[in-house]
Amino acid sequence: MIGCGIGGLAAAFYLIRDAQMPAANITILEEMDIEGGSMDGTGKEILAELWYHLGISDQLEAVVANTKIRLALMPYITAQFMTRAAGDRPHAVPEGCTNLGLIGQFVEIRNDIIFTMEASIRTARIGVYKLLNIPKQVPDINPTQYDIRHMLKGARALNSGKPFIGERLLHRLLDKTYFSHVLPPLPEAEDSKQTRFEEEMHELLGKGNAALQTLGDWITNLRESFSNNIKK
């Protein structure tokens with residue numbers, strides 16, 4: 001196995017637990033002195049790994065002497081979100097491969113987003129199960145992006161934690177029905193819900209009237225433009 005990062009260690013774990021492979025038969029190749037890759041180690045060790053990848057490890061001591069390092073579990077994430085197309089990244093086990101598995105943050109996983117260290121562990125598990133024909137299934141990703149409850153909570157989060165426009169109307173329509181549990185509770189007290197509902201309806205109707213007025217003005221301007229062109 002190449003690399004002693006979180007993915008390589010996870011692959012070794014699944015080989016031992018699920019493939020019943022003796023630990024003595026597993027060899028992990030790692031050029032750095034740090035186990036766990038960038039997920040583990042002191043600030044100096046993480047900086048040493050970065051400098052090694054940049055090819056300037058001979059300058060490490062001079063850099064460490066003038067550098068302050070603050071450790072954080074979640075680094076800045078940019079590469080994972082770069083524009084790409086299907087096929088730009090390989091699958092954990094490329095089609096036709098019988099002795100090669102790819103693990104880490106830049107491997108394609110069905111129905112999943114490469115974002116956290118869980119992706120590295122998941123690719124290791126997929127590779128072990130598929131290459132060794134282990135009759136086990138990697139647990140499916142919970143499709144929360146299609147869960148209306150999470151979508152409603154997300155809409156409120158985007159609105160600075162306040163009920164989004166129309167949410168109180170949804171509460172009024174679904175109140176005392178089977179679907180009422182889907183909506184997150186409103187933050188106001190029970191005796192003020194009616195007042196806040198009326199304020200929201202006034203805001204909704206006001207925006208609707210404004211939108212209709214804007215549309216009407218646009219149509220009028222368009223007709224006048226056509227008339228002026230015809231006269232010319």
Side-chain angles (χ1 to χ4, degrees), residues 6-7 10 38-39 70-89 91-92 104-126 137-226:
I6 190 69
S38 59
M39 294 302 302
R70 301 183 186 276
L71 301 179
L73 181 62
M74 183 67 73
Y76 289 112
I77 294 177
T78 53
Q80 285 92 333
F81 295 136
M82 291 180 68
T83 303
R84 62 188 179 89
D88 286 352
R89 296 178 182 176
H91 290 279
Q105 295 287 314
F106 294 92
V107 178
E108 202 70 67
I109 306 178
R110 184 178 65 87
N111 293 336
D112 196 8
I113 298 174
I114 304 297
F115 183 65
T116 64
M117 65 179 181
E118 180 186 353
S120 297
I121 298 172
R122 192 172 184 80
T123 54
R125 196 172 186 181
I126 292 172
Q137 180 180 352
V138 178
D140 288 331
I141 297 294
N142 185 18
T144 54
Q145 69 270 30
Y146 303 117
D147 191 324
I148 186 63
R149 294 168 296 182
H150 291 277
M151 295 170 67
L152 291 170
K153 289 179 181 177
R156 183 181 288 187
L158 290 172
N159 198 38
S160 302
K162 302 175 184 178
F164 55 87
I165 295 178
E167 185 174 349
R168 293 184 179 87
L169 177 59
L170 285 175
H171 272 271
R172 180 60 63 92
L173 293 174
L174 299 179
D175 187 31
K176 298 180 181 179
T177 70
Y178 172 80
F179 301 100
S180 60
H181 70 282
V182 170
L183 299 173
L186 293 172
E188 55 260 17
E190 189 67 31
D191 56 357
S192 64
K193 286 183 177 180
Q194 178 63 30
T195 302
R196 300 304 297 272
F197 170 73
E198 292 174 356
E199 292 174 352
E200 181 177 280
M201 290 302 299
H202 178 74
E203 184 177 1
L204 281 172
L205 293 174
K207 289 192 173 184
N209 290 335
L212 288 174
Q213 182 63 44
T214 301
L215 178 61
D217 292 343
W218 179 79
I219 292 174
T220 300
N221 292 333
L222 185 65
R223 292 179 62 185
E224 291 178 353
S225 175
F226 284 151

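Just the heavy atoms: all of them, side chains too, but no hydrogens, waters or symmetry mates, feed the values below.
- Minimum heavy-atom separation, Arg168 to Glu188: NE-OE2, 2.7 Å.
- Leu186 places a side-chain heavy atom less than 4.5 Å from the side chain of Arg156.
- Not a single donor-acceptor pair under 3.5 Å links the side chain of Thr123 to the backbone N or O of Ala92.
- With rounding to the nearest 0.5 Å, the separation of CG in Leu169 from CG in Leu174 is 9.0 Å.
- Between atom CD1 of residue Ile148 and atom NZ of residue Lys153 there is a gap of 12.0 Å, rounded to the nearest 0.5 Å.
- The distance from the CZ atom of Arg172 to the CG atom of Leu183 is 13.0 Å, given to the nearest 0.5 Å.
- Nearest heavy-atom pair across Gly7 and Ala124 is O-CB, 3.4 Å.
- Using modelled atom types, no side-chain atom of His171 and backbone atom of Ser180 make a donor-acceptor pair closer than 3.5 Å.
- Atoms CZ and CD, on Arg125 and Gln137 in that order, are 10.0 Å from each other to the nearest 0.5 Å.
- Scanning all heavy atoms of the two residues, the minimum distance from Leu152 to Phe164 falls at CD2-CZ, 3.6 Å.
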